[in-house]
Amino acid sequence: SQQGEEDPQALSIQEGENATMNCSYKTSINNLQWYRQNSGRGLVHLILIRSNEREKHSGRLRVTLDTSKKSSSLLITASRAADTASYFCATVPYNTDKLIFGTGTRLQVFP
Amino acid sequence: DGGITQSPKYLFRKEGQNVTLSCEQNLNHDAMYWYRQDPGQGLRLIYYSQIVNDFQKGDIAEGYSVSREKKESFPLTVTSAQKNPTAFYLCASSPRDRGALEQYFGPGTRLTVT
């Protein structure tokens with residue numbers, strides 16, 4: 001079962017612009033994570049936000065979480081061509097230790 | 001891809017044949033996971049194991065089997081009973097008490113069955 005739905009499905013921007021991706025989910029969660037996947041490769045963990053947190057930063061990444069709306073957003077500031085990848089949100093439903101992945105946003109950053 | 005190896009990178013099989021995908025980790029992680037990814041989709045959990053000699057079905061276990069005889073290894077067999085086996089298969093691991101916090105992924109095996 002895929003709990004997360006991501007929006008947009010695809011995003012194209014120029015280098016230097018900001019990229020925002022959104023994730024919605026269905027059930028109560030322990031935490032929400034964002035992962036990056038370069039084409040044809042494995043996933044890399046980017047950032048985790050717990051259910052009692054509202055915002056978290058890591059370098060050029062900013063994640064927000066609104067548990068009342070069951071949604072999260074990932075902002076990548078000052079994007080670079082190397083940020084081109086697919087980005088997935090993954091939730092850990094309450095009282096479980098399994099990750100449930102969303103459908104992903106494909107980001108293309110043009111130099 | 002941090003200490004998790006999957007082999008081979010590409011695998012081709014004829015319909016009706018079983019095939020085993022390898023996953024090895026040297027991170028000393030207790031928990032290991034197998035996911036399937038179809039084009040344009042997220043990952044779906046096939047099987048997971050939190051400790052040697054124990055494993056649990058995920059959301060789409062039908063047509064697959066696993067074993068966990070060693071901490072470092074978690075091979076996945078795609079059997080002929082799996083109706084649509086062509087996909088990208090990803091293995092992951094995590095420390096046992098951090099399975100809900102972050103997982104480390106291998107580079108994946110792309111299986112094509114014709």
Side-chain angles (χ1 to χ4, degrees), chain A residues 1-11 21 23-51 53 56 58 61 63 85-108, chain B residues 1-10 21 23 25 27 29-51 55-61 87-112:
Chain A
S1 60
Q2 289 187 311
Q3 155 143 261
E5 293 291 331
E6 292 174 66
D7 170 57
Q9 287 187 322
L11 179 61
M21 297 160 238
C23 169
S24 61
Y25 57 91
K26 297 174 186 171
T27 65
S28 297
I29 60 172
N30 286 327
N31 66 70
L32 184 146
Q33 305 174 33
W34 286 90
Y35 287 78
R36 185 183 77 194
Q37 183 181 35
N38 288 88
S39 181
R41 304 295 299 275
L43 278 71
V44 175
H45 182 266
L46 294 176
I47 196 166
L48 178 151
I49 186 164
R50 297 178 191 275
S51 59
E53 297 175 311
K56 204 157 182 183
S58 176
L61 305 180
V63 170
S86 290
Y87 292 83
F88 293 90
C89 70
T91 55
V92 177
Y94 187 64
N95 273 344
T96 75
D97 59 1
K98 292 193 290 184
L99 286 178
I100 300 181
F101 285 84
T103 51
T105 292
R106 291 188 309 281
L107 174 65
Q108 175 85 52
Chain B
D1 299 324
I4 301 179
T5 57
Q6 291 185 243
S7 61
K9 188 172 176 67
Y10 299 96
L21 281 60
C23 177
Q25 54 99 359
L27 300 169
H29 286 171
D30 286 301
M32 297 186 74
Y33 310 82
W34 273 106
Y35 294 91
R36 170 186 172 131
Q37 185 178 31
D38 292 286
Q41 300 293 316
L43 279 64
R44 292 183 290 168
L45 182 64
I46 305 172
Y47 268 98
Y48 63 106
S49 167
Q50 294 182 315
I51 198 167
F55 48 83
Q56 288 80 41
K57 293 181 179 179
D59 299 318
I60 56 164
F88 189 48
Y89 290 88
L90 287 156
C91 179
S93 70
S94 68
R96 185 176 182 186
D97 60 348
R98 294 179 65 88
L101 297 183
E102 61 185 286
Q103 295 182 10
Y104 299 78
F105 283 82
T109 291
R110 191 167 299 279
L111 172 65
T112 302

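Please read all numbers here as calculations on a predicted model, not as lab measurements. Naming: A, B, ... by sequence-line order, numbering from 1 per chain.
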Worked verdict on Gln103(B) versus Gln33(A) for side chain to side chain donor-acceptor pair (under 3.5 Å): CA-CA 10 Å; Gln103(B) 295 182 10; Gln33(A) 305 174 33; over 6 Å; no

Tyr104(B) OH to His45(A) NE2 distance, which is reported to the nearest 0.5 Å: 8.5 Å

Residues which pass side-chain hydrogen bond (donor to acceptor under 3.5 Å, both in side chains) with Thr109(B), listed by chain and number, not counting sequence neighbours: none

Closest-packed option against chain A by number of heavy-atom pairs under 4.5 Å, given Gln50(B), Gln37(B), Lys9(B): Gln37(B)

Close side-chain approach of Leu45(B) and Leu99(A), heavy atoms under 4.5 Å: no

Rounded distance [0.5 Å steps], CZ in Arg44(B) versus CZ in Phe101(A): 13.5 Å

Heavy-atom contact with chain B under 4.5 Å, split by part of Asn30(A): neither

Which atom of Phe88(B) lies closest to which atom of Arg41(A), heavy atoms considered: CE2-O, 3.6 Å

Gln9(A) atom CD, over 12 foreign heavy atoms within 6.0 Å: no

Stepwise side-chain contact (heavy atoms from CB on, under 4.5 Å) check, Leu90(B) with Gln37(A): CA-CA 11 Å; Leu90(B) 287 156; Gln37(A) 183 181 35; 4.0 Å; yes

